[in-house]
Amino acid sequence: QKEVEQNSGPLSVPEGAIASLNCTYSDRGSQSFFWYRQYSGKSPELIMSIYSNGDKEDGRFTAQLNKASQYVSLLIRDSQPSDSATYLCAVNTDTSGTYKYIFGTGTRLKVLA
Amino acid sequence: EAEVAQSPRYKITEKSQAVAFWCDPISGHATLYWYRQILGQGPELLVQFQDESVVDDSQLPKDRFSAERLKGVDSTLKIQPAELGDSAMYLCASSLGQVMYEQYFGPGTRLTVT
């Protein structure tokens with residue numbers, strides 16, 4: 001069974017620091033990767049997508065992909081208390097001929113004021 | 001900005017009753033997904049449609065759950081009869097296609113079965 005692994009946390013960082021969130025996946029053939037933010041009681045909100053090895057930056061967010069190590073990360077610079085949420089990693093992967101999105105269990109981030 | 005619409009937002013029902021959820025994807029999105037999310041876990045795919053066809057329902061408890069997307073646009077997910085263990089957030093999402101497209105979620109329906 002294809003899996004996506006995340007540390008459940010909580011990851012606590014002080015306001016203004018860099019938060020680093022990590023995700024590993026089991027299917028070496030996966031081609032597209034996504035980070036979602038989910039506030040308590042709300043639905044997931046897409047933050048970033050990444051398809052190629054390397055870094056992709058969008059504002060305070062940077063996604064990093066290393067397909068050889070099967071590893072995706074999300075960096076949040078200048079963390080704010082409003083960034084406190086659960087961050088879900090998702091991988092679009094072929095499962096028995098159908099492409100699906102497999103989600104990790106999420107990492108809970110706490111940004112301390 | 002286009003959004004995925006879902007209703008109702010909250011539903012409380014007694015066990016053994018029937019319940020239905022509705023989803024309207026972003027216009028033009030061919031792929032529609034229904035997920036169930038239990039507190040502390042990631043979304044779990046229940047059923048995936050490509051246009052009006054089901055492409056995956058391997059995790060859908062078919063003895064009590066059904067889903068349809070008759071005209072390839074909006075979709076309905078039904079539970080009959082509801083059980084206590086069905087209490088969860090039910091999420092609908094859509095994407096332009098199945099492969100390498102970004103997927104967008106609706107606001108979800110919080111179901112409580114008493």
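Every chain is numbered from 1 and lettered A, B, ... according to where its sequence line falls, protein lines coming before strand lines. It should be emphasised that the depicted structure is a prediction, and the values quoted were computed from it without experimental measurement.
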Check your understanding: Is it the side chain or the backbone of F34(A) that comes within 4.5 Å of chain B heavy atoms, both, or neither?
Key -> side chain

**Study point:** Spacing of CG belonging to D74(B) relative to SG belonging to C23(B), to within rounding of 0.5 Å
**Key:** 8.0 Å

Review point. So which of Q38(A), K100(A), E45(A), Q31(A) has the biggest tally of heavy-atom pairs under 4.5 Å with chain B?
Key: K100(A)

Practice item. Give the member of R110(B), Q6(B), Q103(B), Q48(B) that has the highest number of heavy-atom pairs under 4.5 Å with chain A. Key: Q103(B)

Check your understanding: Among G97(A), S49(A), P44(A), who wins on heavy-atom pairs under 4.5 Å with chain B?
Key -> P44(A)

Exercise for review: Below 4.5 Å from any heavy atom of chain A, which atoms of M89(B) appear? Answer side chain, backbone, both or neither.
Suggested key: side chain

Practice item. Taking the side chain as every heavy atom from C-beta outward, state whether P43(B) and Y33(B) have any pair of such atoms under 4.5 Å apart. Key: no

Point to revise | S58(B) portion near chain A, given a 4.5 angstrom heavy-atom threshold | key: side chain

Point to revise | I76(A) and L109(A): CA distance, side-chain angles, deciding distance, side chain to side chain contact (heavy atoms under 4.5 Å, CB included) verdict | key: CA-CA 11 Å; I76(A) 307 174; L109(A) 173 66; 3.9 Å; yes

Review point. Taking the side chain as C-beta and beyond, is there a heavy-atom pair between L21(A) and L11(A) under 4.5 Å?
Key: yes

Review point. Does any non-hydrogen side-chain atom of I79(B) lie less than 4.5 Å from one of F21(B)?
Key: yes

Point to revise | Mutual orientation of the aromatic rings belonging to F105(B) and Y35(B) [parallel < 30°, tilted 30-60°, perpendicular > 60°] | key: tilted

**Study point:** Parallel, tilted or perpendicular: rings of Y25(A) and F33(A) (30°, 60°)
**Key:** tilted

Point to revise | Contact origin within Y36(A) toward chain B - heavy atom pairs under 4.5 Å | key: side chain

Review point. Can you tell which of L39(B), V55(B), T31(B), V99(B) has the highest number of heavy-atom pairs within less than 4.5 Å of chain A?
Key: V99(B)

Review point. Which region of Y101(B), side chain (C-beta onward) or backbone (N, CA, C, O), has a non-hydrogen atom less than 4.5 Å from a non-hydrogen atom of chain A, or is it both or neither?
Key: both

